[in-house]
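Encoded as structure tokens, the structure appears first; notes follow it.
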Amino acid sequence: MAALLTAGAVVVSGCGAQPTGLRAAAPLPTPPPAAAQQGPSAVPAETVTAPRKTLKLGAKGKSVTWLQKRLSQLGYRPGKADGQYGGTTLAAVWAFQKVNDIRPTSTVARRTWDALETPKAPRVLARNGKPTRAEINLTKQIMVLYVGGEAKLITHISSGSGVPYCETATWQGKEQRFCGSARTPTGDYRTTWRVSGWHRSYLGELYNPIFFNGGIAFHGALSVPLYPASHGCVRLPMNVASVLPGMLGKGVPVHVRGAYRRA
């Protein structure tokens, strides 16, 4: 994590913007063309009939179970198919709606059911990217993990707010002041070090962080709102952060593109 201290710029683990002088990794070499590198796998062509019952947060029943199973089939992570529409399923619904150009909402109604029957694949951001890579779409606030050219995990995220901050925290035994721009920089990076479980940084607690750009990491958070809210890291729903370390290895390319536009 990069932060500007009153005494100067230092690099520590947290979630702020990089200090001046650090640059993104050099562009990754272009691999030879291959069918597996053309984007996510095609959506299965079987006929799918959605239950079409309007669902709101807190709903229960067979329609919710159908929704959860369908989202899982498409690469989203709604949690256990238990027929209960809670916060974990909501985050997966948001991700699906954003990929399908539907304004994210907690209500699952006609447009979302239509899209679940004939879904879109996420837009590929790195056309010549490696078959196994992570792509962060700052515009839509989603992350897609490709494994062997297939979109294996698609999730809602919350990236850097872009709002400059200055916060005072006790760090390394003394009170210090940290300032930064709260940006998630675009560019091409690779995953580096990680921590299992909760990791304390000077800006808060990070769950299962996987770092990819200095002190900027993917990590689980208890709050992952519909807008960018972090100090620079990429917040993930807790259930996604629980499985991501087993899917995303060290040295895997991470491509960050886009810019969030507030309404």
Could you walk me through whether V64 and V108 pass side chain to side chain contact (heavy atoms under 4.5 Å, CB included), step by step?
-> CA-CA 10 Å; V64 178; V108 178; over 6 Å; no
Donor-acceptor contact below 3.5 Å, side chain T191 vs main chain V252 | yes
Judged by atom type as modelled, is there a donor-acceptor pair below 3.5 Å linking the side chain of N100 to the main-chain atoms of I102?
-> no
Among the clusters formed by ILVMFWY side chains lying less than 4.5 Å apart, do F178 and V163 turn up in the same one?
-> no
Donor-acceptor contact below 3.5 Å, side chain S159 vs main chain P228 | no
Beyond-backbone contact of T88 with P237, side-chain heavy atoms, under 4.5 angstrom = no
Please tell me if the side chains of L67 and V93 come closer than 4.5 Å, counting only heavy atoms from C-beta onward.
-> yes
Nearest 0.5 Å, what's the CZ-CD distance between R257 and E135?
-> 7.5 Å
Under 4.5 Å between any side-chain heavy atoms of N213 and V256, yes or no?
-> no
Can you label the angle between the W198 ring and the Y207 ring as parallel, tilted or perpendicular, going by 30° and 60°?
-> tilted
What's the shortest heavy-atom distance between Y165 and A182, and which atoms?
-> CE2-N, 3.6 Å
Taking all non-hydrogen atoms of both residues, which atom of H255 and which atom of G129 are closest, and how far apart?
-> NE2-CA, 4.4 Å
Cluster link Y76 to V124, ILVMFWY, side chain under 4.5 Å = yes
Spatial distance of atom CZ (R194) from atom CG (L206) [nearest 0.5 Å] | 14.0 Å
Can you find a pair of side-chain heavy atoms, one from T155 and one from R77, that are under 4.5 Å apart?
-> no
The side chain to side chain contact (heavy atoms under 4.5 Å, CB included) partners of S72 (sequence neighbours excluded) come to P78
Which atom of A229 lies closest to which atom of S158, heavy atoms considered = N-OG, 3.0 Å
Indicate, with yes or no, if I142 and L125 share a hydrophobic cluster defined by side-chain heavy-atom contacts under 4.5 Å among Ile, Leu, Val, Met, Phe, Trp and Tyr.
-> no
Closest heavy-atom contact between P122 and V144?
-> CB-CG2, 3.8 Å
Consider only side-chain heavy atoms of I, L, V, M, F, W and Y, link residues closer than 4.5 Å, and tell whether L226 and I154 are in one cluster.
-> yes
Interatomic distance, OH@Y189 vs OG1@T186, rounded to 0.5 Å, equals 6.0 Å
Worked verdict on T184 versus Y260 for side chain to side chain contact (heavy atoms under 4.5 Å, CB included) | CA-CA 11 Å; T184 304; Y260 184 79; over 6 Å; no
Closest heavy-atom contact between G232 and I216?
-> O-CG2, 3.4 Å
Verify the cluster assignment for V147 and L244: are they in a single hydrophobic cluster under the rule of side-chain heavy atoms below 4.5 Å apart?
-> yes
Determine yes or no for a side-chain-to-main-chain donor-acceptor pair under 3.5 angstrom, with Q68 supplying the side chain and G79 the backbone.
-> no
Side chain to side chain, V224 and M238, heavy atoms closer than 4.5 Å | no
Can you measure from OG1 (T107) to CG (L55) and round to the nearest 0.5 angstrom?
-> 9.0 Å
Spell out, as yes or no, whether a donor-acceptor pair under 3.5 Å connects the side chain of W193 to the backbone of F211.
-> no
What pairs meet the salt bridge (charged side-chain N to carboxylate O under 4.0 Å, His left out) rule with one or both residues in residues 86-101, with sequence neighbours excluded?
-> D101-K120, D101-K140
How far does NE2 of H231 sit from OG of S161, to the nearest 0.5 angstrom?
-> 7.5 Å
Going by the angle between their ring planes, with limits at 30° and 60°, are F212 and F218 parallel, tilted or perpendicular?
-> tilted
Side chains of H219 and S230: closer than 4.5 Å at any heavy-atom pair?
-> no
Start with the C-alpha gap between Q97 and R103, add the side-chain angles, then the distance that decides, and say whether side chain to side chain contact (heavy atoms under 4.5 Å, CB included) holds.
-> CA-CA 7 Å; Q97 289 170 332; R103 184 179 65 82; over 6 Å; no
Please lay out, stage by stage, how L116 and V48 fare under the test side chain to side chain contact (heavy atoms under 4.5 Å, CB included).
-> CA-CA 8 Å; L116 284 162; V48 174; over 6 Å; no
dist K250:NZ -> I210:CD1 (nearest 0.5 Å) comes out at 12.5 Å
Grab the two heavy atoms, one from G148 and one from T132, that are nearest each other, plus how far apart they are.
-> N-OG1, 3.1 Å
